[in-house]
Amino acid sequence: MQVHIGLKFENWGLTVTNTPAFTFVPTTIYGLQNLILWARDNNKRVRAAGHRHSWTSLFSEDNEVFVSMLDLKTATNVPDPSSILPDKVSNLANEFKTIQLQTTSQADRKSLVRIGAATTNEELRRWSVRGNAWALALNTIIVEYVLISS
Ligand SMILES: Cc1cc2nc3c(=O)[nH]c(=O)nc-3n(C[C@H](O)[C@H](O)[C@H](O)COP(=O)(O)OP(=O)(O)OC[C@H]3O[C@@H](n4cnc5c(N)ncnc54)[C@H](O)[C@@H]3O)c2cc1C
């Protein structure tokens, strides 16, 4: 897992700034599970973020553990150009960038969908267009955020 030591964190609006002890960028569930166990044993608090667009102070803190669900270039580039670039090949190996149909009901034309915590709204939009079958009934305009935070 990629890790950065003592890297400064800023949210999009520059209203939240801190310096976590470690910034991790996980791509496997097993890796993240191990990180959580390590943090528990070392009395560290773990907080995650996606595109860092929100203004909440509920991001990480000084000397704690920060988990960036997006690679740092994607998370910190302003403006983020990912909506006009092709899909990243590295997404295929990222276990947090998954969209899986669970149960579907033809009667009311709805489906339960399991979405990975690093999946962006742009990636969901592309998945919808590719499959031409499922979309969110109501969605926001902005595509640069991870769906877990919406
Ligand atoms: C320029 C701009 C335009 C915007 N336009 C819109 C709009 O049109 N419509 C709209 O609805 N909103 C809009 N917003 C608000 C923003 O996009 C939403 O708040 C969005 O949900 C933020 O997503 P994010 O990926 O940046 O989340 P973040 O800000 O990175 O995270 C949000 C919160 O969730 C927590 N979190 C994130 N990931 C995880 C995880 N995996 N596990 C546990 N906790 C997690 C973080 O700690 C944080 O507290 C806009 C914001 C900006 C800056």
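Remember, it's 1-based here, ligands and their atoms both numbered in the order they're listed.
Nearest heavy atom pair, residue T104 against residue S111, reads CG2-OG, 2.9 Å. Taking each heavy atom of V16 and S57 in turn, the nearest pair found is CG2-CA, 4.3 Å. For the residue pair S83 and E122, the shortest heavy atom distance occurs at O-OE2, 3.6 Å.
Considering backbone and side-chain N/O of M69, none are found under 3.5 Å from N/O of ligand 1. Here's the thing with R47: none of its N/O atoms is less than 3.5 angstrom from an N/O atom of ligand 1. An N or O contact shorter than 3.5 Å is missing between E144 and ligand 1 by distance. Where the criterion is an N or O separation shorter than 3.5 Å, residue side chain and backbone included, H53 meets it with respect to ligand 1. For the pair L58 and ligand 1, the shortest N or O to N or O distance falls below 3.5 Å. Looking at ligand 1, you won't find any N or O of Y145 less than 3.5 Å from one of its N or O atoms. Considering backbone and side-chain atoms alike, A117 places every N or O at 3.5 Å or more from each N or O of ligand 1.
Taking a cut-off of under 4.0 Å to the non-hydrogen atoms of T56, the atoms of ligand 1 that pass are 48 (C), 49 (O). Set against the non-hydrogen atoms of T140, the atoms of ligand 1 under 4.0 Å away are 9 (N), 10 (C), 11 (O). Taking every non-hydrogen atom of G50 and a distance limit under 4.0 Å, the qualifying atoms of ligand 1 come out as 25 (O), 28 (P), 30 (O), 37 (C). Atom numbering of ligand 1 starts at 1 in the shown order; those under 4.0 Å from a heavy atom of I148 are 38 (N), 39 (C), 40 (C), 41 (N).
Atom CD1 of I84 has 12 or fewer heavy atoms from other residues, nucleotides or ligands within 6.0 Å. Within a 6.0 Å sphere centred on CG of N132, other residues, nucleotides and ligands contribute 12 heavy atoms or fewer.
Looking at R45 and E61, a side-chain N of the basic residue comes within less than 4.0 Å of a carboxylate O on the acidic one, giving a salt bridge.
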Worked check of side chain to side chain donor-acceptor pair (under 3.5 Å) between Y145 and T140: CA-CA 10 Å; Y145 66 79; T140 59; 2.8 Å; yes

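Nearest to atom 5 (N) of ligand 1 by heavy atom, out of L32, I142, V46, is I142.
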Distance-only check: which donor-acceptor pairs under 3.5 Å involve side-chain atoms of residues 87-96, not counting sequence neighbours?
from	atom 1	to	atom 2	distance (Å)
D87	OD1	R126	NH1	3.0
D87	OD2	R130	NH1	3.3
K88	NZ	D71	OD2	2.9
K88	NZ	T74	OG1	2.8
N91	ND2	E123	OE2	3.2
N94	OD1	F96	N	2.8
E95	OE1	I29	N	2.8

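Centroid-to-centroid, the aromatic rings of F66 and F59 stay 6.0 Å apart or farther.
Residue contacts with ligand 1, taken as heavy atom pairs separated by less than 4.0 Å, involve V146 via backbone and side-chain atoms alike.
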